[in-house]
**Q** 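Provided herewith is a single structure, encoded as structure tokens, for subsequent inquiry.
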Amino acid sequence: MAEKVVPGEKDQQIARIQQMEAYLDDAKEAVKKVSAALEDFMAAQNKVIALEHYYEGGCWRKDFEDDEAGLLPDYLKRGVLTEDAIYDLLADNDELLEIISMDQFEKLW
């Protein structure tokens with residue numbers, strides 16, 4: 001016995017498949033980008049730890065004070081000595097570590 005054809009059903013099916021195909025393509029690209037970014041992020045964690053030790057261990061304060069006193073050369077790049085640069089990075093890093101924890105993704109489902 002032949003199936004009864006509902007008008008417009010095939011068009012809806014084709015549209016649905018096309019939409020899901022677009023979702024698949026977009027999601028694959030997003031996963032690829034995030035995967036690469038996560039690799040970079042994880043590779044940077046040793047640098048983040050070193051910055052945290054520098055900032056909290058006293059060396060940053062000495063470098064900051066010497067810069068304020070004009071004891072460091074003018075040509076020296078000194079963004080690391082700004083009051084908030086390392087602090088903000090550490091806060092952002094902690095926020096990202098929390099976001100990528102599994103707990104954050106459970107609420108999606």
**Q** With hydrophobic residues grouped by side-chain heavy-atom distances under 4.5 Å, do M20 and I14 end up in a single group?
**A**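 No, M20 does not connect to I14 through the hydrophobic network.
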
**Q** Treat each ILVMFWY residue as a node, draw an edge where side-chain heavy atoms are under 4.5 Å apart, and state whether F41 and L90 are in one component.
**A**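 Different hydrophobic clusters.
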
**Q** Without hydrogens or angle criteria, can the side chains of N93 and Q45 be said to hold a donor-acceptor pair below 3.5 Å?
**A**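 Yes, a side-chain donor-acceptor pair sits under 3.5 Å.
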
**Q** In Å and rounded to the nearest 0.5 Å, what is the CG to CD distance from L89 to E52?
**A**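 The CG atom of L89 sits 10.0 Å away from the CD atom of E52.
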
**Q** Tell me the closest heavy-atom pair linking K62 and D66, and the distance in Å.
**A**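 Closest approach of K62 to D66, heavy atoms only: NZ-OD2, 2.6 Å.
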
**Q** Would L51 end up clustered with I49 when hydrophobic side chains under 4.5 Å apart are linked, directly or stepwise?
**A**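 Cluster IDs for L51 and I49 differ.
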
**Q** Does some side-chain heavy atom of I99 sit less than 4.5 Å from a side-chain heavy atom of E95?
**A**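 Yes, side chains in contact.
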
**Q** Looking at L72 and D63, what are the two nearest heavy atoms and their distance?
**A**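 Minimum heavy-atom contact is CD1-O, 3.8 Å.
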
**Q** Under a 4.5 Å side-chain heavy-atom rule over Ile, Leu, Val, Met, Phe, Trp and Tyr, are L76 and F64 clustered together?
**A**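 Yes, L76 and F64 fall within the same hydrophobic cluster.
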
**Q** When rounded to the nearest 0.5 angstrom, what is the spacing between CD1 in I17 and CD in Q13?
**A**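 Spacing of CD1 (I17) from CD (Q13) equals 4.5 Å.
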
**Q** Between W60 and H53 (side chain of the first, backbone of the second, donor and acceptor by atom type, cut-off under 3.5 Å), is there such a pair?
**A**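 It does not hold such a pair.
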
**Q** If we only count heavy atoms from C-beta on, is the L71 to D67 side-chain gap below 4.5 Å?
**A**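 No, too far: nothing below the 4.5 Å cut-off.
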
**Q** For G79 and A85, which heavy atoms make the closest approach, and how far apart are they?
**A**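 So the two residues come closest at O-CB, 3.4 Å.
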
**Q** Please check this pair: side chain of R61 against backbone of C59, looking for a donor-acceptor N/O pair closer than 3.5 Å.
**A**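 Flag not set: sc R61 to bb C59 has no pair under 3.5 Å.
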
**Q** Looking at CG of D92 and OH of Y87, how far apart are the two atoms once the value is rounded to the nearest 0.5 Å?
**A**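 Here the rounded value is 10.5 Å.
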
**Q** Considering non-hydrogen atoms only, spot the tightest contact between I86 and Y54 and give its length.
**A**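 Scanning both residues, the minimum pair turns out to be CD1-CD2, 3.7 Å.
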
**Q** Do I100 and V31 sit in the same hydrophobic cluster, where Ile, Leu, Val, Met, Phe, Trp and Tyr count as joined when their side-chain heavy atoms come under 4.5 Å apart?
**A**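 Looking at the clustering, V31 is in a separate group from I100.
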
